[in-house]
There are 2 protein chains.
Amino acid sequence: MAASATREKIIVAADRLFYERGFDMTSFADVAEVVGISRGNFYYHFKSKDEILNAVMESRLKDRHQMLEGWIKEGQPAKQCVANFIHILLTNRKKIRAYGCPVGTLFTELSKLGHPGEESARHLFDLFRNWLRQRFMEMGQTKDADRLAMHILARSQGVATLANAYPDEQFLEAEVDQMLAWLDAVSDADIKPTQRSS
Amino acid sequence: MAASATREKIIVAADRLFYERGFDMTSFADVAEVVGISRGNFYYHFKSKDEILNAVMESRLKDRHQMLEGWIKEGQPAKQCVANFIHILLTNRKKIRAYGCPVGTLFTELSKLGHPGEESARHLFDLFRNWLRQRFMEMGQTKDADRLAMHILARSQGVATLANAYPDEQFLEAEVDQMLAWLDAVSDADIKPTQRSS
DNA sequence: TAAAAAATAGGACAAATGACCTAATATTTG
DNA sequence: CAAATATTAGGTCATTTGTCCTATTTTTTA
């Protein structure tokens with residue numbers, strides 16, 4: 001079989017296991033078993049655990065980048081793009097209830113491990129943060145764009161964590177509705193600049 | 001030395017290490033070294049790793065319970081109690097920036113591990129959730145009390161996660177301000193029931 | 001088709017770890 | 001004080017894991 005095909009299958013399996021079980025809790029043998037290859041073959045493609053982690057992070061970055069840029073290329077307006085981002089929580093609700101957020105949980109683990117991969121995990125946050133900031137700027141929130149981006153990012157993280165802790169509730173759906181309502185209020189803000197002062 | 005004193009020191013050390021490094025990444029040897037005792041002595045007090053985890057979770061539950069009930073016993077009004085809860089993010093900002101939320105990060109890890117201790121970790125969430133719900137009920141939000149409790153819990157989680165990823169920002173302080181403003185709006189809601197409809 | 005290269009399989013090994021045991025020391029008790 | 005009990009120290013052991021190596025099989029190349 002072509003090396004690149006096996007390599008790709010390893011990355012896909014490792015990506016899933018790192019998400020479901022965590023990075024440190026996933027062994028070479030675990031990944032090899034899922035792919036259906038020997039540990040020796042695994043080592044032929046990736047010389048260390050850090051190397052497979054890097055490959056997974058690159059894959060995720062590319063995947064998320066394509067998703068975000070895809071919405072823009074489809075010509076969707078900025079507000080709709082942000083709404084799409086919020087909607088990810090619903091699209092992936094099953095996995096989120098079972099394993100939390102792929103970005104947040106992996107970052108947290110690598111951070112506690114003191115692992116160099118913490119940087120790549122932060123890059124994933126950066127990707128979403130910068131993209132959201134640009135969308136808010138297009139919505140006219142030039143001054144607060146980054147603050148709004150961080151806000152929606154934080155709420156997504158919190159919702160994912162609690163949905164993981166309480167999977168049997170309709171909590172996730174309700175919070176998404178609130179976030180979309182919040183987005184409406186934000187997008188109205190530049191149309192109705194006269195806000196009620198505190 | 002009295003056994004209870006050594007036992008207590010072990011729990012304190014394990015609590016700290018489970019927070020800073022994670023449960024799975026902390027070994028018996030790590031805890032014993034911090035306490036300054038031998039691994040054999042450690043095993044005299046706790047027969048397994050699950051046992052020390054249980055002790056740590058009990059300790060945390062007791063500690064948080066006392067904190068929350070303490071505010072009530074001081075006679076603080078419901079809204080001030082919730083504000084105190086939000087303020088924890090500032091009180092512990094240094095540790096949160098370095099290690100995230102002790103409750104959320106440990107729950108996430110135990111969940112991915114498939115460890116039975118996931119239940120006790122969820123109990124910690126339950127403690128805050130139920131307490132917050134009661135405070136919101138006292139504030140007159142009888143119908144939405146649980147939803148509001150979950151909301152503030154989720155936002156705390158998200159803020160802690162992102163403050164961990166971006167420790168150098170003033171993001172944490174800004175989000176706390178927003179949460180307190182949100183609390184004001186909620187507490188005003190029953191005084192001014194006529195809200196502007198969308 | 002024969003030689004060379006690529007890919008795979010499976011075993012070896014040192015380090016780390018949870019668990020367990022026994023001997024030594026400190027403390028309490030009668 | 002002496003016996004009994006509680007506490008501590010340190011070693012052993014089986015298992016897991018990341019890493020590495022060599023032999024075998026498959027694919028490509030000339």
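In what follows, every heavy atom counts, from backbone to side chain, and hydrogens, waters and symmetry copies are set aside. Proteins get letters first, then strands, A, B, ... in listed order; numbering begins at 1 in each.
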**Asked** Does a side-chain N or O from B/Asn41 land closer than 4.0 Å to OP1 or OP2 of D/dA9, or not?
**Response** yes
**Asked** Pick the nucleotide of DNA chain D nearest each of B/Gly40 and A/Phe23; which residue has the one closer to the 5' end?
**Response** B/Gly40
**Request:** May I ask you to decide if B/Phe107's main-chain N or O and B/Ser111's side chain share a donor-acceptor pair within less than 3.5 Å?
**Result:** no
**Item:** Side-chain donor or acceptor of A/Arg60 paired with backbone N/O of A/Pro102 under 3.5 Å
**Value:** yes
**Item:** A/Lys95/A/Glu20 salt bridge by N-O under 4.0 Å criterion
**Value:** no
**Fill in**
In this structure, CZ of B/Phe28 is separated from CZ of B/Phe42 (nearest 0.5 Å) by 5.0 Å
**Request:** Return yes when atom CE of A/Met25 has more than 12 non-hydrogen atoms of other residues, nucleotides or ligands closer than 6.0 Å, and no otherwise.
**Result:** yes
**Request:** Please check the phosphate of C/dA19 (OP1 and OP2 only) for any side-chain N or O of B/Tyr43 closer than 4.0 Å.
**Result:** no
**Message:** Taking the nucleotide of DNA chain D with the nearest heavy atom to each, does B/Gly36 or A/Arg39 sit closer to the 5' end?
**Reply:** B/Gly36
**Message:** Please report the distance, rounded to the nearest Å, between CD in A/Glu51 and C1' in D/dT19.
**Reply:** 12 Å
**Prompt:** B/Leu17 has an atom CG; how far is it from atom C1' of C/dG18, in whole Å?
**Reply:** 16 Å
**Request:** Describe, as an angle rounded to 10 degrees, how the axis at the first end of the helix from C/dT1-D/dA30 to C/dG30-D/dC1 is tilted relative to the axis at the last end, five pairs per end.
**Result:** 0°
**Request:** Assign the ring pair A/Phe85 / A/Phe128 to parallel, tilted or perpendicular, where the plane angle (0 to 90°) is split at 30° and 60°.
**Result:** tilted
**Request:** Give the rounded distance in Å between these two atoms: NZ of A/Lys47 and P of C/dT8.
**Result:** 15 Å
**Message:** Taking 4.0 Å as the cut-off, does a side-chain nitrogen or oxygen of A/Thr6 come that near to OP1 or OP2 on C/dT8?
**Reply:** yes
**Asked** Is any side-chain nitrogen or oxygen of B/His45 closer than 4.0 Å to OP1 or OP2 of D/dT8?
**Response** yes
**Whole angstrom value for the distance that separates P of D/dT16 from NZ of A/Lys49** = 15 Å
**Request:** Remember a base hit wins even if backbone is also touched, and classify A/Phe28 as base, sugar-phosphate or nothing at under 4.0 Å, heavy atoms.
**Result:** base
**Fill in**
To the nearest angstrom, the CD1-P distance between A/Ile37 and D/dT26 comes to 16 Å
**Asked** Taking CZ from A/Arg21 and P from D/dT17, how many angstroms apart are they, rounded to a whole number?
**Response** 10 Å
**Request:** State whether the side chain of B/Lys49 and the backbone N or O of B/Thr26 hold a donor-acceptor pair below 3.5 Å, judged by distance alone.
**Result:** yes
**B/Glu33 CD to C/dG18 C1', straight-line distance once rounded to whole Å** = 17 Å
**Phosphate contact (C/dT8 OP1 or OP2) by A/Tyr44 side-chain N/O below 4.0 Å** = no
**Fill in**
Taken to the nearest whole Å, CG/A/Asp24 to P/C/dT17 is 10 Å
